[in-house]
Protein chains: 2
Amino acid sequence: MSPKTQSPGIAFRKHDHRRCQRQLLSEATQLCAERNLRLTSRRRQVLEILLASHQPMGAYDILAELNRSSRNEQIAPPIVYRALEFLLGEGLIHRIESLNAFISCAHPGHRCGAQFLICRDCDQVAELEVSDNDLLAEAGDLGFAVDHSVVEITGVCAECQKHVG
Amino acid sequence: MSPKTQSPGIAFRKHDHRRCQRQLLSEATQLCAERNLRLTSRRRQVLEILLASHQPMGAYDILAELNRSSRNEQIAPPIVYRALEFLLGEGLIHRIESLNAFISCAHPGHRCGAQFLICRDCDQVAELEVSDNDLLAEAGDLGFAVDHSVVEITGVCAECQKHVG
DNA sequence: CTGTTAACGTTATAATATAACACTATGTCG
DNA sequence: CGACATAGTGTTATATTATAACGTTAACAG
Ligand SMILES: [Zn+2]
Ligand SMILES: [Zn+2]
Ligand SMILES: [Zn+2]
Ligand SMILES: [Zn+2]
């Protein structure tokens, strides 16, 4: 049996992230093996950068991180974007459209889109996994065949609401 | 009594768009009057460009359109972005994050975010107005104070599904 | 008018993303 | 093994989207 995925909203709760990180990387490795795909070192490198936190990162932040760790090579944007493209395609990461940023997936494997809560105070982002019935029903009524959905809710997280008062 | 707004999914149905356009522009004018805001000629110009269709347009497409219509001035990006910012703020248009594009709002006034169906075949975009209970419930459970929500569903519209088979 | 502010115009530049093409690693088959 | 096909990588240049900064003009209140 494969390891358990993270519960919704993990980023907003204290947890043993070291463990979380290891688990997600191992799930990714396994998933690529099952699908007969190559999680090359570049791809893993980019995934690991994103797995280091539950924060979203811009492509150029990732690029900078790559260039920091790997001395004496100068890595260029296409390398990052290609790795991101692969990881997106396999549902190992997500793109946050409203931030032009990328974030590691909290429960890899689902390719159909996720939902995010984005705190505009602390910039933390939590991935949910809600079945989005109301919307899908409406789409269905109009005969629309859903492919991918982007749901990004901006606001203030519980923690930050306390600190404002 | 103010004029009726468009029903959900208007862009996917045949309708008298000339009328639709006039109505939305008049609603916008009225709404700005009520709010004591200036719908200046630049702002109206940009709104009219977006009202010309129910299609999303990139900022630079709008810019090109401005430069086409107004001979002998060369308009620059900030002008467009500022008009867009105003229109967004008043809920007269929306930003489609996953397309980096802007679209006229089908029922102006609601500032809290909308839902879109985006056909990847014909590029048409329909605005819905669904109360998004499942998501808001989950956000509520986590104590998250919602501010703005982005919902963009990509797929194939009913019409395009026919033409594929 | 005259001071105050909002909107506009202009220039330059930042931030994000991709096209195009050459090179290298990986695996297949004779 | 060695030739081939293909997927992945590296490199350069450039496209696309968006904003900073600052001066000018228009609108409006006193
Ligand atoms: Zn974690
Ligand atoms: Zn927060
Ligand atoms: Zn219409
Ligand atoms: Zn369509």
Side-chain angles (χ1 to χ4, degrees), chain A residues 28-29 32-33 35-50 55-67 69-90 92-103 123 150 152, chain B residues 28-29 32-33 35-50 55-67 69-90 92-103 123 150 152:
Chain A
T29 308
C32 286
R35 292 182 186 167
N36 232 318
L37 298 167
R38 297 172 53 201
L39 186 58
T40 62
S41 71
R42 271 283 177 252
R43 290 165 176 178
R44 180 167 38 241
Q45 219 179 346
V46 169
L47 179 58
E48 281 176 340
I49 288 170
L50 285 172
Q55 299 287 124
M57 294 179 76
Y60 279 73
D61 297 332
I62 296 170
L63 181 60
E65 191 57 35
L66 279 176
N67 278 324
S69 53
S70 62
R71 297 277 148 162
N72 55 17
E73 18 169 19
Q74 190 62 1
I75 290 163
I79 290 179
V80 173
Y81 281 101
R82 283 194 289 232
L84 291 171
E85 187 180 20
F86 171 84
L87 298 168
L88 283 171
E90 299 310 318
L92 297 171
I93 64 173
H94 298 290
R95 185 179 153 80
I96 311 276
E97 299 289 348
S98 55
L99 299 175
N100 290 335
F102 303 86
I103 193 170
D123 294 321
V150 169
E152 300 171 10
Chain B
T29 307
C32 286
R35 292 181 187 167
N36 232 319
L37 298 167
R38 296 172 53 206
L39 185 59
T40 61
S41 71
R42 271 282 178 250
R43 290 166 176 176
R44 179 169 36 239
Q45 218 178 346
V46 168
L47 179 58
E48 282 176 339
I49 287 170
L50 285 172
Q55 300 286 123
M57 294 179 76
Y60 280 73
D61 296 333
I62 296 170
L63 181 59
E65 190 57 35
L66 278 176
N67 277 325
S69 53
S70 63
R71 295 279 147 159
N72 56 15
E73 15 169 21
Q74 191 62 0
I75 290 164
I79 291 180
V80 173
Y81 280 102
R82 282 194 290 234
L84 291 171
E85 189 180 19
F86 171 83
L87 298 168
L88 282 170
E90 300 310 319
L92 296 171
I93 64 172
H94 297 289
R95 185 180 153 78
I96 310 276
E97 298 290 348
S98 55
L99 299 175
N100 291 334
F102 302 86
I103 193 170
D123 294 321
V150 169
E152 300 171 9

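Here is the naming used below: chain letters follow the sequence lines, and residue numbers restart at 1 for every chain.
Annotation: side chain of A:L50 is in contact with side chain of A:L84 (closest heavy-atom distance under 4.5 Å). Looking at A:I75 and A:R42, their side chains come closer than 4.5 Å, going by heavy atoms from C-beta outward. Contact of the A:V150 side chain with the B:E97 side chain is not registered, since no non-hydrogen atoms from C-beta on lie closer than 4.5 Å. Looking at heavy atoms from C-beta onward, B:L39 lies in side-chain contact with B:F86 at the 4.5 angstrom threshold.
Between the P atom of D:dT11 and the CG atom of A:L63 lies a distance of 12 Å, rounded to the nearest Å. If you measure from atom CG of B:L84 to atom P of D:dT17, you get 13 Å, rounded to the nearest angstrom. The CZ-P distance, from A:R38 to C:dA25, rounds to 11 Å in whole Å. Between A:R43 atom CZ and D:dT9 atom C1' there is a gap of 10 Å when expressed in whole angstrom units. The separation between B:I96 atom CD1 and D:dT17 atom P is 14 Å, rounded to whole Å. Remark: C1' of D:dT25 and CD1 of B:I79 are 12 Å apart, rounded to the nearest angstrom. Going from atom CD of B:Q74 over to atom C1' of C:dC8 covers 16 Å, rounded to whole Å. The CD-P distance, from B:Q45 to C:dC8, rounds to 10 Å in whole Å.
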Protein N or O to nucleotides 13-18 of chain C N or O, pairs below 3.5 Å:
from	atom 1	to	atom 2	distance (Å)
C:dA17	OP1	A:R95	NH1	2.7
C:dA17	OP1	A:R95	NH2	2.7
C:dA17	OP2	A:Y81	OH	2.9
C:dA17	O5'	A:Y81	OH	3.4
C:dA17	N7	A:Y60	OH	2.7
C:dA17	N6	A:Y60	OH	3.3

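For the atom pair CE of A:M57 and CD1 of A:I49, the computed distance is 6.5 Å after rounding to the nearest 0.5 Å. Between the CD atom of B:Q55 and the CG atom of B:D61 there is a distance of 11.0 Å, given to the nearest 0.5 Å.
The nearest heavy atom of DNA chain D to A:I75 and to A:F86 marks one nucleotide each, and the one closer to the 5' end goes with A:F86.
In this structure, A:T40 does not reach the D:dA7 phosphate: none of its side-chain N or O atoms is under 4.0 Å from OP1 or OP2.
Residue A:R95 comes nearest to A:F102 through the heavy atom pair NH1-CZ, 3.3 Å, listed as atom of the first residue, atom of the second, then distance.
Looking at A:R82, its side chain comes within 3.5 Å of the base of D:dG10 through a donor and an acceptor atom.
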